[in-house]
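Heavy-atom basis, side chains included; hydrogens, waters and symmetry copies ignored.
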Amino acid sequence: MKIERLYAITIYLLNHGRSSASKLAKHFEVSTRTIQRDIDSLCIAGIPIIAVNGSAGGYEVSEQFKIDAAFATSDEYSLILTALRGYISATDSLKAKHMFEKLSLIAPAPSSLNNNCIILDFSVLREGEQTILQKLQTAITKKCTVHFTYTNNNNETRTHLVEPIAVIYQWYAWYLLAYSKRKQDYRTYKLVRMENLILTEESFTREHKTADTILQEREEKDQREYTDIILRCKQKAKPRAVEYLKASVIQELPNGDLLMKATVVDNEQFWFGALLSMGDNIEVIEPEKIRRRVLSAAEKIISLYNYDKSLSYIP
């Protein structure tokens with residue numbers, strides 16, 4: 001741990017220039033005395049760190065000290081830094097920040113990196129979701145089980161005790177891949193549906209395969225029920241149908257409307273909510289079971305607003 005911090009301090013000083021002991025202590029979450037001992041250790045190791053006295057003083061690395069940057073090209077550095085920025089935006093990980101500092105130091109000039117055409121920003125998480133994400137990362141690293149309450153798609157709330165394997169971002173949300181001790185199988189849990197997460201002292205009961213392997217095996221034996229739906233869609237609703245339903249055009253009608261086809265997972269709610277949000281701009285043609293489901297949802301919504309307007313609302 002100390003060796004990692006010593007290296008990180010060196011990188012930080014190379015990136016940020018002269019920094020006071022108190023500033024370094026705050027950044028690395030240690031005491032100023034620890035920083036002073038670390039600086040002594042770096043000097044003994046041959047790193048040319050200069051101590052400057054006065055109100056604007058602090059520690060800095062001699063300008064003659066350089067780090068080789070030849071192991072990657074400019075484009076490769078750009079890709080790595082883009083991925084790290086996205087990871088940091090989601091987790092606020094101190095380790096990731098230190099790695100970003102290291103790579104930023106030896107990467108090509110900032111002007112070439114600023115031409116990066118892709119930005120990964122996962123910072124807009126629901127309240128508390130980032131805290132859950134950080135706790136799960138800790139549990140995965142320590143290989144300890146976690147306990148939480150979870151509300152599923154059917155609005156059923158239960159408690160779960162699982163062995164966390166990996167956190168995954170897909171389908172516009174964060175999910176936990178974990179081994180369910182009750183089901184004795186691997187399950188995914190949407191982070192936003194998790195509450196009261198607790199890290200236990202209980203270690204894993206088995207050695208698990210890698211997350212990639214588990215996901216591949218789950219995909220091969222996928223038992224989810226899929227349904228093909230045919231939609232009549234107005235032109236102005238086409239972009240949303242493509243984005244949220246992954247629908248494709250199968251025919252253009254004489255009046256300009258479109259017939260579109262989408263494949264959905266029966267017990268998932270996202271696509272159904274997206275379908276309802278498009279109102280009368282889209283109509284389910286078939287299957288009949290989906291038409292009835294939409295009609296039932298519409299009738300329940302109408303019933304909320306079908307009241308005597310002379311009556312006042314009393315909370």
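- Taking OG of Ser248 as the reference point, atom CG of Leu259 lies at 11.0 Å (rounded to 0.5 Å).
- Thr200 and Thr145 form a side-chain donor-acceptor contact under 3.5 Å, judged by distance and modelled atom types alone.
- No more than 12 heavy atoms of other residues, nucleotides or ligands lie within 6.0 Å of CG in Asn53, so this atom counts as exposed by the packing criterion.
- A perpendicular orientation is assigned to the rings of His208 and Tyr186, their planes being inclined by more than 60° (bins at 30° and 60°).
- Between Ile229 atom CD1 and Ile285 atom CD1 the span is 11.0 Å, to the nearest 0.5 Å.
- Within the 4.5 Å cutoff, no side-chain heavy atoms of Phe148 are placed close to those of Asn196.
- Within the model, atoms CD1 of Ile39 and CD1 of Ile44 stand 11.5 Å from one another, a figure rounded to the nearest 0.5 Å.
- Note on Ile11 and Ile80: same hydrophobic cluster, where clusters join Ile, Leu, Val, Met, Phe, Trp and Tyr whose side-chain heavy atoms are under 4.5 Å apart, directly or indirectly.
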Could you go through the side-chain contact (heavy atoms from CB on, under 4.5 Å) check for Glu217 and Lys209 one step at a time?
CA-CA 10 Å; Glu217 292 177 350; Lys209 298 177 182 178; 2.8 Å; yes
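- Checking side-chain atoms of Asn15 against main-chain N and O of Glu101 turns up a donor-acceptor pair under 3.5 Å.
- Side chains of Val284 and Arg293 form no contact here, defined as non-hydrogen atoms less than 4.5 Å apart.
- The two residues Tyr189 and Ala178 make their nearest non-hydrogen contact at CE1-CB, 4.1 Å.
- The shortest side-chain heavy-atom distance between Arg158 and Arg182 falls under the 4.5 Å cut-off.
- No cation-pi contact links Arg5 to Phe28, judged by a cut-off of 6.0 Å to the six-membered ring centre and 45° from its axis.
- Separating the NZ atom in Lys234 from the CG atom in Leu258 is a distance of 12.0 Å, to the nearest 0.5 Å.
- Within a 6.0 Å sphere centred on CD of Glu201, heavy atoms belonging to other residues, nucleotides or ligands number 12 at most.
- Ile214 has its side chain out of reach of Tyr179: every pair of non-hydrogen atoms, C-beta onward, lies at least 4.5 Å apart.
- Interatomic distance, Ile140 CD1 to Ile165 CD1, rounded to the nearest 0.5 Å: 7.5 Å.
- Ring centroids of His98 and Tyr7 are separated by 6.0 Å or more, keeping the two rings apart.
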Could you check Lys23 against Tyr12 for side-chain contact (heavy atoms from CB on, under 4.5 Å), going step by step and ending with a plain yes or no?
CA-CA 11 Å; Lys23 183 176 181 180; Tyr12 185 89; 3.4 Å; yes
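- Put simply, the side chain of Thr141 gets close to the backbone of Gln137: a donor and an acceptor are under 3.5 Å apart.
- In this structure, Met278 places its CE atom where more than 12 heavy-atom neighbours from other residues, nucleotides or ligands lie under 6.0 Å away.
- Closest heavy-atom contact between Ser31 and Thr34: OG-OG1, 2.9 Å.
- Side-chain heavy atoms closer than 4.5 Å link hydrophobic residues (I, L, V, M, F, W, Y) into clusters, and following such links, possibly through other members, connects Ile49 to Leu14.
- Under the 3.5 Å distance criterion, the side-chain polar atoms of Glu163 are matched with a main-chain donor or acceptor of Thr205.
- When all heavy atoms of Pro287 and Asp228 are compared, the closest pair comes out as CD-O, 3.4 Å.
- At most 12 non-hydrogen atoms from other residues, nucleotides or ligands lie less than 6.0 angstrom from OH of Tyr244.
- Heavy-atom neighbours of Lys261 NZ from other residues, nucleotides or ligands within 6.0 Å: at or below the threshold of 12.
- The shortest distance between side-chain heavy atoms of Leu275 and Leu231 falls below 4.5 Å.
- Taking every heavy atom of both residues into account, Glu60 and Arg18 meet most closely at OE1-NE, 2.9 Å.
- One N or O on the side chain of Lys246 and one on the backbone of Glu243 form a donor-acceptor pair closer than 3.5 Å.
- Between the side chain of Tyr59 and the backbone N or O of Gln36, no donor-acceptor pair lies under 3.5 Å.
- Atoms CG and CD1, from Asp38 and Ile9 in turn, are 4.0 Å apart once rounded to the nearest 0.5 Å.
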Any chance you could lay out the side-chain contact (heavy atoms from CB on, under 4.5 Å) test for Leu13 and Leu24, step after step, and finish with the verdict?
CA-CA 9 Å; Leu13 291 174; Leu24 290 169; 4.2 Å; yes
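- Other residues, nucleotides and ligands place more than 12 heavy atoms under 6.0 Å from the CG atom of Asp185.
- Ile282 has its side chain out of reach of Met260: every pair of non-hydrogen atoms, C-beta onward, lies at least 4.5 Å apart.
- Using a 4.5 Å heavy-atom threshold, the side chains of Arg232 and Leu253 count as touching.
- By the rule that hydrophobic residues join a cluster once side-chain heavy atoms approach within less than 4.5 Å of another member, Trp174 and Tyr87 end up as members of separate clusters.
- Between His16 and His27, the ring planes are tilted. Angles from 30° to 60° get that label.
- Without hydrogens or angle criteria, Ser19 side chain to Gly17 main chain gives a donor-acceptor distance under 3.5 Å.
- Smallest separation of non-hydrogen atoms from Val146 and Ala139: CG1-CB, 3.5 Å.
- Under the 4.5 Å side-chain heavy-atom criterion for grouping Ile, Leu, Val, Met, Phe, Trp and Tyr, Ile88 is connected to Leu103 within one hydrophobic cluster.
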Quick one, Thr131 with Lys135, criterion side-chain contact (heavy atoms from CB on, under 4.5 Å). Give me CA distance, side-chain angles, the key distance, then yes/no.
CA-CA 6 Å; Thr131 301; Lys135 285 184 177 180; 4.1 Å; yes
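- A side-chain donor-acceptor contact under 3.5 Å links Arg193 to the backbone of Thr151.
- Residues Leu136 and Leu197 form a side-chain contact, since some pair of their non-hydrogen atoms from C-beta on lies under 4.5 Å apart.
- Nearest heavy atoms, Ser180 versus Val162: CA-CG1, 4.1 Å.
- Side-chain heavy atoms closer than 4.5 Å link hydrophobic residues (I, L, V, M, F, W, Y) into clusters, and following such links, possibly through other members, connects Leu276 to Leu245.
- Lys143 has a carboxylate O that lies under 4.0 Å from a charged side-chain N of Glu207, or vice versa, which qualifies the two as a salt bridge.
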